[in-house]
2 protein chains.
Amino acid sequence: MFETIQAMAEPTRLAILKMVRRREMPAGAIAEKFKGITRPAVSQHLRVLKDAGLVTERREGTRRLYSLRPEGFGPLKSMLEDFWDSKLERLKAAAEKQRKRKP
Amino acid sequence: MFETIQAMAEPTRLAILKMVRRREMPAGAIAEKFKGITRPAVSQHLRVLKDAGLVTERREGTRRLYSLRPEGFGPLKSMLEDFWDSKLERLKAAAEKQRKRKP
DNA sequence: ACTATATGTTAGTTTATACTAACGTAAGTG
DNA sequence: CACTTACGTTAGTATAAACTAACATATAGT
């Protein structure tokens, strides 16, 4: 799950994830969207994302089509929900304190 | 929101977030939990987390108590839900394809 | 078989990030 | 006021991550 966070923690990679969210895209088309960044660099980022299980690769002839792999975000998502829930827990704890003060 | 991800993308910092999830903890107690990592290093990590809005600092005498700030995870959380939803969107798209094939 | 297209891989370098050591600060204690 | 406790801050260094340039591979077309 930490691998997930690390994979997302890079501007280019996060941008790629948003790009392939709806439609699958060939590596070349992804690379073209970035200026000031070479194609090999993008290719390396794609590998990181793939290794982290955040995208899938499908080969079609000479091209490789990438698309988002939502399941890959599952563990991180539930950790975040856990963090989020502590908001409610605090409210409950605060209410408890109040109740004790004025019994 | 990218700041959020970056802040989480370091093992020590992620561990800190889990530590202060339920109860607030003084900086010293947090630092003690890590071996092979100096107190100043932990202090720096705490600052990164605070700047990212993921923890809050409360001073009590000479001590500084840190606790999780769940709201800080909001934007990332919704982005992740967005990613997650694309799972359903794909299922829908696939169903649509099926429907067309056998009208 | 040869050439073009689309892409990945590797070694080496640059750049960003984390760490350490030394110092600074602010509140409490005698 | 001197001393201690509990921290934070900074400058410099070490480490990890990303980038580039050159090379490799695999498919498709002629």
Side-chain angles (χ1 to χ4, degrees), chain A residues 1-21 23-69 72 76, chain B residues 1-21 23-69 72 76:
Chain A
M1 188 224 48
F2 183 66
E3 201 185 3
T4 308
I5 304 176
Q6 286 229 72
M8 295 177 74
E10 205 281 333
T12 307
R13 286 199 293 263
L14 188 60
I16 292 174
L17 288 174
K18 287 175 180 169
M19 261 180 213
V20 300
R21 164 163 155 43
R23 52 200 162 291
E24 65 182 358
M25 284 177 74
I30 295 170
E32 276 171 18
K33 296 272 179 183
F34 299 99
K35 43 184 175 185
I37 229 172
T38 61
R39 200 188 45 72
V42 172
S43 185
Q44 283 167 3
H45 285 310
L46 284 168
R47 181 145 67 106
V48 174
L49 292 172
K50 194 178 131 200
D51 288 351
L54 304 187
V55 300
T56 50
E57 180 204 290
R58 185 171 73 86
R59 302 192 186 192
E60 198 178 76
T62 158
R63 299 190 309 171
R64 305 204 183 178
L65 300 160
Y66 290 89
S67 56
L68 200 72
R69 186 170 167 277
L76 176 57
Chain B
M1 186 224 49
F2 183 66
E3 202 186 1
T4 308
I5 304 176
Q6 287 228 70
M8 294 177 74
E10 205 280 334
T12 307
R13 286 200 292 265
L14 189 60
I16 293 174
L17 288 174
K18 287 175 181 170
M19 261 181 215
V20 300
R21 164 162 155 44
R23 52 200 161 293
E24 64 182 359
M25 283 176 74
I30 295 169
E32 276 171 18
K33 297 271 180 183
F34 299 99
K35 42 185 176 185
I37 227 173
T38 60
R39 199 189 45 73
V42 173
S43 187
Q44 284 168 4
H45 285 309
L46 284 168
R47 182 144 68 105
V48 173
L49 291 172
K50 194 178 130 200
D51 287 352
L54 304 187
V55 300
T56 50
E57 180 205 290
R58 184 171 73 88
R59 302 192 185 192
E60 198 179 77
T62 158
R63 299 191 310 172
R64 306 206 183 177
L65 301 160
Y66 290 90
S67 55
L68 201 71
R69 188 171 165 276
L76 175 58

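Computed from a predicted model, the values in this text were never measured in an experiment.
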Closest to side chain of B:Ala41, choosing from D:dA21, C:dT20, C:dT7 | C:dT20

Can you check the A:Leu46 CG to D:dA18 C1' distance for me, whole Å?
-> 14 Å

Respond yes when some side-chain nitrogen or oxygen of A:Arg63 is under 4.0 Å from OP1 or OP2 of C:dT5, and no when none is.
-> no

Donor-acceptor pair, side chain of A:Glu10 and main chain of A:Arg13, under 3.5 angstrom | yes

OP1, OP2 of D:dT20 versus side-chain N and O of A:Gln44: anything below 4.0 Å?
-> no

Assign each of A:Ala27 and B:Arg13 the nucleotide of DNA chain C bearing its closest heavy atom; nearer the 5' end lies the nucleotide of A:Ala27

Report the distance from atom CD of A:Glu57 to atom P of D:dT25, rounded to the nearest whole Å.
-> 17 Å

Under 4.0 Å between a side-chain N or O of A:Arg64 and OP1 or OP2 of D:dA26?
-> no

Can you tell me if the side-chain N/O atoms of B:His45 get under 4.0 Å from OP1 or OP2 in C:dT17?
-> no

Picking from C:dC19, D:dC7, D:dC19, which would you name as closest to the side chain of B:Arg39?
-> D:dC7

Does B:Arg59 place a side-chain N or O at less than 4.0 Å from the phosphate oxygens OP1/OP2 of C:dA26?
-> no

Look at all strands and tell whether B:Pro26 reaches a base, only sugar-phosphate, or nothing, counting heavy atoms closer than 4.0 Å.
-> sugar-phosphate

Please determine if a side-chain N or O atom of B:Ser43 lies less than 4.0 Å away from the OP1 or OP2 oxygen of D:dG8.
-> yes

Counting only side-chain N and O atoms of A:Thr38, is one of them less than 4.0 Å from OP1 or OP2 of D:dT20?
-> yes

What pair of heavy atoms forms the shortest contact from A:Ile30 to A:Leu46, and how long is it?
-> CD1-CD2, 4.1 Å

5'-most contact on DNA chain D: B:Leu65 or A:Gly36, nearest heavy atom basis?
-> B:Leu65

Think B:Tyr66 has a side-chain N or O under 4.0 angstrom from the OP1 or OP2 of D:dG8?
-> yes

Which whole-number value in Å describes the distance from B:Ile30 CD1 to D:dG8 C1'?
-> 14 Å

Ranking A:Pro40 and A:Ile37 by the position along DNA chain D of their nearest nucleotide, the one closer to 5' is A:Ile37

With heavy atoms under 4.0 Å as the rule, sort B:Glu32 into base, sugar-phosphate or nothing.
-> nothing

May I ask you to verify if any side-chain N or O of B:Arg47 is less than 4.0 angstrom from the OP1 or OP2 atom of D:dT9?
-> yes

